[in-house]
There are 2 protein chains.
Amino acid sequence: MNGRPSSAPDRAGLAEALFAPRGVALIGASDDETRPGGRPLRFLRKHGFQGAIYPVNPNRAAVGGLAAYPDLAAIPGPVDLAYILLGAGGVEAAVAACGDKGVPAAAVLADGYAEAGKAGAARQDRLAAAARAAGVRLIGPNSIGLLVPATGLALSANAAVAAERLIPGRSALLTQSGTALGALLSRLQARGLGFSKAVALGTEADLSVGEVGELLAADPDTDAILLFLESIRHGPALARFAAAAHAAGKPIVAYLLGRSDPGRAAALGHTGAIAGSDKAADAFLRAHAILRVDHLEALYEAAPLVAGRAPGAFAKAAAVVTTTGGGGAMAADRLGLAGVPVEGLSPPAIARLREAGLPVKEGRIVDVTLAGTRPEVMRAALDAALSENSVGLVLAVIGSSAQFHPELAAAAVAAYAGSAKPVAAFVVPHAPETVARLAQAGIAAFTTPEACADAIAALRAWTPPRPPPEAAPPPEAAALLAAGATGGTLDAKSALDLVAALGIETAPSVVAAPGAPPPALPFGFPVAAKALGPAHKTEAGGVVLDIADEAALAAALATVAANAPPGGILIQPMVAGRGEALLGFRREPGIGPVVVLGAGGVLAELYADAAVRLAPVDEAEARAMIDEVRGLAPLRGYRNLPRGDLDALAAAVARFSRLAALPVAEAEINPLIVRESGVVAVDALVRRAASFGV
Amino acid sequence: MNGRPSSAPDRAGLAEALFAPRGVALIGASDDETRPGGRPLRFLRKHGFQGAIYPVNPNRAAVGGLAAYPDLAAIPGPVDLAYILLGAGGVEAAVAACGDKGVPAAAVLADGYAEAGKAGAARQDRLAAAARAAGVRLIGPNSIGLLVPATGLALSANAAVAAERLIPGRSALLTQSGTALGALLSRLQARGLGFSKAVALGTEADLSVGEVGELLAADPDTDAILLFLESIRHGPALARFAAAAHAAGKPIVAYLLGRSDPGRAAALGHTGAIAGSDKAADAFLRAHAILRVDHLEALYEAAPLVAGRAPGAFAKAAAVVTTTGGGGAMAADRLGLAGVPVEGLSPPAIARLREAGLPVKEGRIVDVTLAGTRPEVMRAALDAALSENSVGLVLAVIGSSAQFHPELAAAAVAAYAGSAKPVAAFVVPHAPETVARLAQAGIAAFTTPEACADAIAALRAWTPPRPPPEAAPPPEAAALLAAGATGGTLDAKSALDLVAALGIETAPSVVAAPGAPPPALPFGFPVAAKALGPAHKTEAGGVVLDIADEAALAAALATVAANAPPGGILIQPMVAGRGEALLGFRREPGIGPVVVLGAGGVLAELYADAAVRLAPVDEAEARAMIDEVRGLAPLRGYRNLPRGDLDALAAAVARFSRLAALPVAEAEINPLIVRESGVVAVDALVRRAASFGV
């Protein structure tokens with residue numbers, strides 16, 4: 001008997017309950033092994049779970065040959081983990097019963113929650129409340145379960161767990177979807193890679209990927225963590241997990257859906273994820289030093305490449321050492337497409353190899369075909385490539401020997417597992433045994449040039465986590481926002497005032513009352529007139545530019561007043577500069593505040609050319625954003641064009657990004673004119689937020 | 001004895017010789033089975049070749065237990081095909097001996113030819129000449145051989161041919177590299193897909209991919225042809241092959257290296273390919289209705305998807321029918337990234353399925369998880385999706401049933417092989433048996449979402465071959481080019497005259513002599529002054545713009561004369577319009593003449609935003625090019641911007657592309673000003689070509 005705990009378990013207690021339970025209860029266990037409810041019992045026994053297994057089923061005396069209990073209370077021994085296999089209707093009562101029994105954690109199989117519209121979301125909220133009230137931490141709902149191969153804890157309803165064996169390994173798997181768990185499990189195992197723990201989090205009513213991830217960051221059996229995500233949800237918890245994993249030296253690799261419209265729609269339909277934009281997700285992952293891969297195979301094939309490595313592990317060029325010219329060309333071509341520089345051996349290195357009797361060809365790839373496919377040839381060439389200063393990673397490309405001499409092919413490369421510079425392999429033919437041998441030896445063995453280049457490019461893009469800068473917004477800005485009513489969009493003048501309060505120069509302006517004669521201007525012609533109201537788009541006739549004199553101004557004021565009533569009209573001088581930029585700010589669901597820098601003008605919009613970062617950023621990060629926007633190249637001096645004041649632009653980006661700490665939902669400066677000296681905000685849009693959590 | 005033929009074989013004779021030889025000679029066959037020269041004999045016997053096998057080796061009485069002949073002349077029976085396994089030094093003599101014996105075709109294993117620098121290229125030329133002189137058609141050099149599984153003709157030195165069995169199938173494989181042949185062979189076979197014929201063409205001294213491809217287009221055992229290309233070489237032959245295959249209803253799928261700098265360098269090092277730009281290669285493949293895939297796996301996994309289909313087979317949206325929400329989301333996400341629209345079922349279709357007891361969810365993917373993974377469920381959902389008007393292809397996503405019930409999982413989808421709308425499968429777990437069963441049934445079974453979306457996107461982009469338009473350039477243009485000396489670059493005035501002769505309006509101009517006073521102008525100020533010499537780049541000070549009056553013109557003429565002597569100075573009016581474009585023409589090695597349309601200005605260059613087509617094009621194709629260039633969107637009326645005269649632009653593109661028939665190596669109009677009505681070429685560059693074959 002557990003006795004009744006006063007509250008939910010602490011972190012260590014939760015890890016014990018989830019990953020090393022003394023006893024597990026299967027609430028709603030069924031004898032029908034073809035049904036999901038019948039599978040966990042079968043799988044636990046198949047994979048040799050040594051803890052106690054308690055089927056709970058009031059309608060049967062026994063399930064699967066084990067004594068069944070009518071309810072949790074009737075179970076004699078301690079239960080550390082329950083898997084609730086009932087339909088949604090019975091789940092809340094089962095959670096309450098877990099609380100009564102003192103069960104610290106439970107997984108929930110049922111669906112019909114956050115992924116099932118409004119009613120489902122409400123049901124999910126009730127379930128979360130029930131869990132809190134009972135002091136029970138939940139995995140799910142819509143969780144296909146969790147797996148610990150080393151102890152046979154196969155607490156899952158996923159058909160893939162019917163595999164003959166669950167292979168223990170040192171990577172952990174976290175997914176939202178259950179399918180992904182099964183797919184990854186079967187694919188990992190087919191490549192000879194095992195896993196330490198695997199958990200499907202479902203729709204995350206209580207425990208999120210981040211919270212379970214933190215347990216894995218502290219898990220002595222886990223070296224790397226692989227995430228299959230439908231969307232980024234519960235960003236702050238994910239960020240804490242990433243920080244803990246980084247501190248523990250455990251890389252995280254993520255494959256993230258929702259990259260395209262159909263993908264987002266499918267993800268929404270599937271788990272109710274509110275998908276943010278992919279660029280914001282990318283900024284989130286990068287800021288938290290989570291490696292992102294684009295190919296499904298790269299997610300699991302990359303695990304040995306990243307385990308034991310830290311951000312910056314590979315920053316230089318890659319060398320491709322190959323026993324087959326064609327295979328080397330495939331790899332080099334795709335590495336180049338992925339932006340990874342590829343370098344051949346230096347002339348002295350080639351000379352040394354030739355002196356040693358190894359007839360290596362000159363060229364961008366290190367082709368040792370002529371020397372024959374003996375292991376010592378591959379080793380000499382790998383050593384030579386690893387010795388080059390400009391080389392940071394070596395890719396061994398293995399040809400037909402992989403197919404017919406797996407032991408030889410694998411042995412030559414396996415010796416480089418854990419070498420100071422990473423060594424990976426691309427296996428050109430279909431050669432599963434070589435792939436498995438390499439993986440087991442700790443060498444990432446890729447089976448396609450595409451996944452290979454994807455993973456290597458992700459490793460090269462891996463930078464340390466970026467701590468958010470100390471960047472409190474000036475009190476004036478907060479005061480300005482507090483002054484008006486909450487909610488809604490600021491008028492053009494107030495928006496510019498807020499921008500000015502952030503410390504960004506704005507174009508001078510005067511507000512004219514509609515119908516009144518043109519006011520005296522403290523600046524010269526030409527000027528622009530714009531409706532003060534929030535939606536003064538050019539298309540609506542609410543803007544007149546290049547007004548040359550007073551008469552034209554009077555006419556323009558009449559035009560604007562007619563086209564975009566009601567409210568005042570903003571008059572500004574026309575501001576020229578060497579170029580323009582667009583600066584945006586918004587809060588992405590699940591991710592948090594982001595700042596966006598784009599080149600100004602219609603072409604930049606057409607090319608979707610923008611840099612995105614989590615907000616706030618400091619000026620150094622803002623400079624990195626400027627360097628990333630291709631359309632700002634002219635301001636960087638491209639083709640000897642006159643440079644703009646990029647220091648001032650970086651300062652403006654950093655200051656604008658401090659909106660993160662203010663109740664602003666979204667904001668934009670467009671255009672931000674970049675001059676030879678300084679930048680000037682000409683037009684701004686600010687929408688307040690009632691609250692501004694993630 | 002063959003007797004001595006008077007000339008090389010005709011096409012049917014060549015196909016017979018290559019694919020159904022009565023006897024094959026292995027010239028330089030060795031007893032050492034670990035050496036390439038020892039393999040073909042072993043492989044021919046292992047795979048049961050029924051024709052005669054004649055080892056030729058003057059140093060041995062027997063090779064591999066077969067009587068060896070001292071030379072070809074000593075062979076008693078007919079020899080239709082020889083495989084020359086000697087080093088490069090002995091190859092030419094062997095080819096001559098083939099001629100003497102009347103052997104119509106020979107493959108050459110040796111390397112050291114076009115891929116090996118200048119000396120190698122010269123050796124390749126000598127070899128080609130020797131083959132012509134002998135009346136022998138050559139495969140190679142650097143050819144790893146050719147394979148016909150149905151007859152056991154395993155005439156190859158590739159280690160992959162040691163496979164237990166060569167599986168006959170209905171796709172043919174053509175590669176340049178030998179590695180690629182082995183890799184594809186092993187991968188195809190692992191997926192249960194076989195092949196009809198496979199040929200590695202090496203560096204193509206005589207027979208090219210295109211020429212052998214034409215034989216396959218006529219081959220009754222071949223339904224589709226898969227190409228692994230390092231670069232596009234011998235474009236005209238490839239084009240003839242593509243036309244023949246299209247006429248025969250046999251799709252061609254290509255995977256092409258050389259997409260990145262390292263890839264091009266590796267390809268160059270490997271086979272001496274002179275790689276053209278990837279965009280030009282893409283234009284070539286598209287114009288000839290060759291499907292292009294980007295993922296290696298897509299090349300072979302796509303074969304059953306395209307076989308028996310014609311361009312336009314899939315033009316609408318894809319539907320994703322899935323037994324697993326997560327797997328469906330993976331596929332839909334990647335399809336969206338690849339630009340393939342994904343549509344769910346219409347409400348009436350959902351209603352009908354529900355009435356039939358199939359609880360399908362609403363949404364972008366057709367998720368039948370709740371209905372269980374019975375074959376009849378999948379079939380009902382596939383039927384419903386195929387019945388939707390807006391759907392042109394259905395992707396069946398198969399979850400864990402693929403892993404544990406291959407026969408059921410495959411049977412449900414296999415029934416749709418050859419259906420009017422294509423049906424493909426994405427198999428989510430590692431499930432090789434299901435993959436093989438589907439492939440054998442004629443359903444393309446993809447194992448990653450990436451290759452799946454890649455192949456489906458290629459199918460959707462597949463258009464009929466584009467016949468080159470009748471587009472002879474005006475005789476004036478030819479006369480202008482013939483007037484000057486051949487070779488070299490035209491001066492600015494002559495280049496503009498050539499553009500005008502093509503029928504494209506040019507800005508008026510006057511030529512001033514250096515040092516002379518400003519000439520009288522037949523147009524008003526402001527004007528521009530440019531050095532007449534070919535390299536009058538803005539950076540060199542050879543151009544002065546916006547010259548306001550006569551005094552400024554005098555100063556400008558002095559400046560230009562000082563910065564860019566010698567020669568005259570071109571004076572033009574400043575030309576304004578609604579936008580500008582850049583029009584280019586060049587001849588790509590291996591591919592032929594291409595025309596390039598880009599948006600003008602520095603940003604378009606930064607974004608590498610250009611449409612490329614084989615030249616010449618007609619106006620309809622030119623319109624398609626205009627639509628493809630994102631930076632021209634403002635001229636198309638984007639955001640209500642004033643439109644430019646795109647009909648005139650299309651006419652100019654078509655006329656400019658007629659340079660294809662003139663001795664011009666490259667040419668450019670930049671800028672081509674697009675006005676509300678008409679277009680005007682302001683500046684042009686033309687470089688003559690001595691000859692202008694591909």
Side-chain angles (χ1 to χ4, degrees), chain A residues 158-160 162 177-180 182-183 186-187 190 230 257-263 265-267 269-270 295-297 324-330 332-333 335-337 342 361 363-365 367 399-400 403-404 428-430 448-450 539 602-603 606-607 630-631 633-634 638-641, chain B residues 158-160 162 177-180 182-183 186-187 190 230 257-263 265-267 269-270 295-297 324-330 332-333 335-337 342 361 363-365 367 399-400 403-404 428-430 448-450 539 602-603 606-607 630-631 633-634 638-641:
Chain A
N158 190 290
S177 112
T179 313
S186 76
R187 286 162 178 259
E230 288 165 337
L257 295 187
R259 293 164 295 186
S260 71
D261 272 351
H270 186 51
H295 285 71
L296 182 63
E297 288 176 310
T324 135
M330 284 183 221
D333 190 46
L335 282 170
L337 272 184
V342 176
K361 292 184 197 170
R364 189 78 76 94
I365 58 176
D367 187 344
S400 55
Q403 204 178 347
F404 299 104
V428 184
H430 177 77
T448 63
E450 292 79 25
E539 287 90 337
V602 78
L603 282 185
L606 280 167
Y607 294 117
R630 282 204 276 179
Y638 177 77
R639 291 203 158 223
N640 288 325
L641 289 163
Chain B
N158 191 289
S177 115
T179 313
S186 77
R187 287 163 178 258
E230 290 166 336
L257 295 186
R259 294 163 296 185
S260 72
D261 272 351
H270 185 50
H295 284 73
L296 181 63
E297 287 175 310
T324 137
M330 284 182 222
D333 190 47
L335 283 169
L337 272 185
V342 176
K361 292 184 196 170
R364 188 78 74 96
I365 58 178
D367 186 345
S400 55
Q403 205 177 348
F404 300 104
V428 185
H430 177 77
T448 63
E450 291 80 24
E539 287 91 336
V602 78
L603 283 184
L606 281 167
Y607 294 115
R630 283 204 276 178
Y638 178 76
R639 293 203 155 222
N640 288 325
L641 289 164

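Chain A is the first sequence line, chain B the second, and so forth, proteins listed ahead of strands; every chain is numbered from 1. Computed from a predicted structure; not experimentally measured. Just so you know, these numbers use all the heavy atoms, side chains as well, and skip hydrogens, waters and symmetry mates.
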Exercise. Does A:E230 reach the side chain of B:M330, with side-chain heavy atoms less than 4.5 Å apart?
Worked result: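 Not in contact.
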Exercise. For A:G326 and B:T179, which heavy atoms make the closest approach, and how far apart are they?
Worked result: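 Closest heavy-atom pair between A:G326 and B:T179: N-OG1, 3.3 Å.
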Problem set entry | Minimum-distance pair of heavy atoms, taken over all atoms of B:A159 and A:S400 |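 For B:A159 and A:S400, the tightest heavy-atom pair comes out as CB-OG, 3.1 Å.
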What's the spacing between [X] [atom1] and [Y] [atom2] if we round to 0.5 Å?
{"X": "A:L337", "Y": "B:R259", "atom1": "CG", "atom2": "CZ", "result": "5.0 Å"}
{"X": "B:D333", "Y": "A:L257", "atom1": "CG", "atom2": "CG", "result": "5.0 Å"}
{"X": "A:H295", "Y": "B:H295", "atom1": "NE2", "atom2": "NE2", "result": "2.5 Å"}

Problem set entry | Set of residues satisfying side chain to side chain donor-acceptor pair (under 3.5 Å) with respect to A:R187, sequence neighbours excluded |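 Checked A:R187 against side chain to side chain donor-acceptor pair (under 3.5 Å); matches are A:Y300.
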So does [Y] get a backbone contact from the side chain of [X], meaning a donor-acceptor N/O pair under 3.5 Å?
{"X": "A:E297", "Y": "B:T448", "result": "no"}
{"X": "A:Q403", "Y": "B:S186", "result": "no"}
{"X": "B:Y607", "Y": "A:G631", "result": "yes"}

For this session: For A:F404, check ring-ring contact (aromatic ring centres under 6.0 Å, His included) against everything at least two apart and list the hits.
Result: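 Expected list: none.
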Exercise. If you count heavy-atom pairs under 4.5 Å between each of A:L335, A:L641, A:V428 and chain B, which one has the most?
Worked result: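 Of A:L335, A:L641, A:V428, A:V428 has the most heavy-atom pairs under 4.5 Å with chain B.
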